[in-house]
Amino acid sequence: MAPPPRPMVVREVWQDNLKQEFSEITRALQRLPHHRFAAFDTEFPGIVFPAASRHHSLLSPAENYLLMKRNVDATKIIQLGLALSDPNGDSCYVWEFNFKGFDKESDLHNLESIQLLERQGIDFNKSREKGIDCNEFGRLLFNSGLLRNSKIAWVTFHGAYDFGYLIKISTRRELPSDLMEFMRLVVYFFGYKVFDIKHMIKWCEGLYGGLEKVSHTLGVLRVAGKTHQAGSDSLLTLQTMIKLKDLYFFGRAWINFRLILYSLEIDVGSLAAPKSNGFQIQRGCNQFYQTRGCNQQLYQRSMFVSVRDGMLYSI
């Protein structure tokens, strides 16, 4: 009989311990080997603008992106879960960030989604009083060593919305109007090693459905928290990815699925991203990072990013 899974501690993060926990994240990155997994999951107020006439599976990637953009732009993040580990999952760290800003009395939301989150233990009153400021989170995230780190492989399950909220926080702007521009920001912040399990299982016989269904089929047990808690879901996503690549993808075949998000499946093989040595780094409220030396066809509109208080702002 297999030994029971090790108990895992999900570190709860609020405004009062935010800086301390980001210091722990930086230390965890230093303790982990050079190649690491980072899985994340978001909880948000649900889909407030559903597809008007067709099921999302019948929409094109561009249509799915515009639908996602409309929902992300109009709503506020509630929770974010982050799980870090070595490639085998032997060393693992999990955080659950609880944000303020969402008010179920006045902000747009899907009532069924909010009621589900409340049943799963999310305390909206506590979040309103003690939750994390998104701008402060974004500044610390940018300086944590997580972003623009080529040694990290990012993992999600049906992750378009997850990346959407993190990019919205990181830029403090609405998402770009064009899908390729969005994917360029994904590459800029997270690199090329971005994986979406929901897309990957299309090529795995016997695997289908949501995260709970897929993990159960693979024999992966939830070892902390419960479904629709972001920390617990991020850990389950991480452990599912490790089991998936070991069972279904020989060697490093799983690498072939990088930079493809479920429902936003476009050919990004030629997508270039700004390199750190391709930037002129200047600081000041009216000075910018400016891309240079980029493929003119891909960069007909140069991307400018303002630097203020350690944060990036798209312009």
Side-chain angles (χ1 to χ4, degrees), residues 4-18 20-22 24-25 28 37-47 71-72 75-85 89 92-104 107 109-134 137 141 146 154-166 169 196-198 209-218 220-243:
R6 295 176 303 167
M8 289 293 303
V9 175
V10 177
R11 300 174 70 99
E12 288 200 20
V13 189
W14 304 87
Q15 185 65 41
D16 61 1
N17 67 335
L18 179 63
Q20 174 188 335
E21 293 303 322
F22 263 110
E24 289 295 327
I25 289 173
F37 276 128
F40 72 104
D41 175 77
T42 59
E43 298 297 337
F44 53 93
I47 305 300
N71 280 280
V72 170
T75 56
K76 299 174 181 177
I77 190 172
I78 294 171
Q79 274 190 342
L80 183 141
L82 172 69
L84 298 176
S85 85
C92 191
Y93 309 86
V94 190
W95 289 266
E96 184 172 83
F97 298 88
N98 299 275
F99 294 91
K100 68 179 180 182
F102 172 73
D103 187 339
K104 65 179 182 179
D107 289 321
H109 64 274
N110 180 300
L111 180 59
E112 291 183 359
S113 296
I114 295 303
Q115 291 174 339
L116 172 62
L117 294 179
E118 288 179 321
R119 289 196 300 271
Q120 298 305 100
I122 292 181
D123 186 338
F124 289 103
N125 291 327
K126 184 176 180 180
S127 295
R128 186 171 60 250
E129 296 171 3
K130 299 184 177 182
I132 297 164
D133 176 76
C134 283
F137 175 86
L141 176 66
L146 284 167
W154 290 89
V155 183
T156 62
F157 191 101
H158 203 163
Y161 278 78
D162 300 321
F163 281 106
Y165 280 105
L166 267 189
I169 289 173
D196 190 327
I197 295 174
K198 181 70 171 175
L211 176 61
E212 201 77 22
K213 173 70 174 177
V214 172
S215 62
H216 179 76
T217 303
L218 292 172
V220 179
L221 301 179
R222 188 182 292 272
V223 296
K226 50 188 175 180
T227 182
H228 294 295
Q229 292 180 343
S232 177
D233 281 352
S234 68
L235 175 59
L236 189 62
T237 299
L238 175 68
Q239 294 172 323
T240 299
M241 177 63 174
I242 292 170
K243 191 70 171 287

Set out, in order, the CA-CA distance, both residues' side-chain angles and the distance that settles side chain to side chain contact (heavy atoms under 4.5 Å, CB included) for Leu141 and Phe22, then state yes or no.
CA-CA 8 Å; Leu141 176 66; Phe22 263 110; 4.1 Å; yes
Nearest 0.5 angstrom please: Asp162 CG to Glu43 CD, how far?
8.5 Å
Contacts of Phe44 meeting ring pair (Phe, Tyr, Trp, His ring centres under 6.0 Å) (sequence neighbours excluded), chain-then-number -> Tyr161, Tyr165
Look up atom CD1 in Ile132 and atom CZ in Phe137, then write down how far apart they are to the nearest 0.5 Å.
7.0 Å
Between CG of Asp41 and CG of Leu235, what distance do you get to the nearest 0.5 Å?
11.0 Å
Interatomic spacing from OG1 in Thr75 to CG in Asn110 - rounded to 0.5 Å:
10.5 Å
Keeping Glu21 on the side-chain end and Val13 on the backbone end, is there a donor-acceptor pair under 3.5 Å?
no
Student check: side-chain heavy atoms of Ile78 and Phe124 closer than 4.5 Å:
yes
Please tell me whether Arg222 and Ser232 have a donor and an acceptor in their side chains that are separated by less than 3.5 angstrom.
yes
Going through the distances and angles, do Phe157 and Thr240 end up as a side chain to side chain contact (heavy atoms under 4.5 Å, CB included)?
CA-CA 10 Å; Phe157 191 101; Thr240 299; 5.7 Å; no
Do Lys213 and Thr217 come close enough that some side-chain heavy atom pair is under 4.5 Å?
yes
For the OG atom of Ser113 and the CD atom of Glu118, what is their distance to the nearest 0.5 Å?
11.5 Å
If you define the side chain from C-beta out and look only at heavy atoms, does anything of Ser127 sit under 4.5 Å from Phe102?
no
Using only atom types and a distance under 3.5 Å, with no angle test, would you say the side chain of Lys226 pairs donor to acceptor with the backbone of Asp233?
no
Counting only N and O atoms by type, is there a donor-acceptor contact under 3.5 Å from the side chain of Lys130 to the main-chain atoms of Trp14?
no
Rounded to the nearest 0.5 Å, how far does OG1 of Thr42 lie from CG of Leu82?
12.5 Å
Are any of the side-chain heavy atoms of Tyr93 and Glu24 separated by less than 4.5 Å?
no
Residues passing the side-chain hydrogen bond (donor to acceptor under 3.5 Å, both in side chains) test with Gln115, sequence neighbours excluded, are none
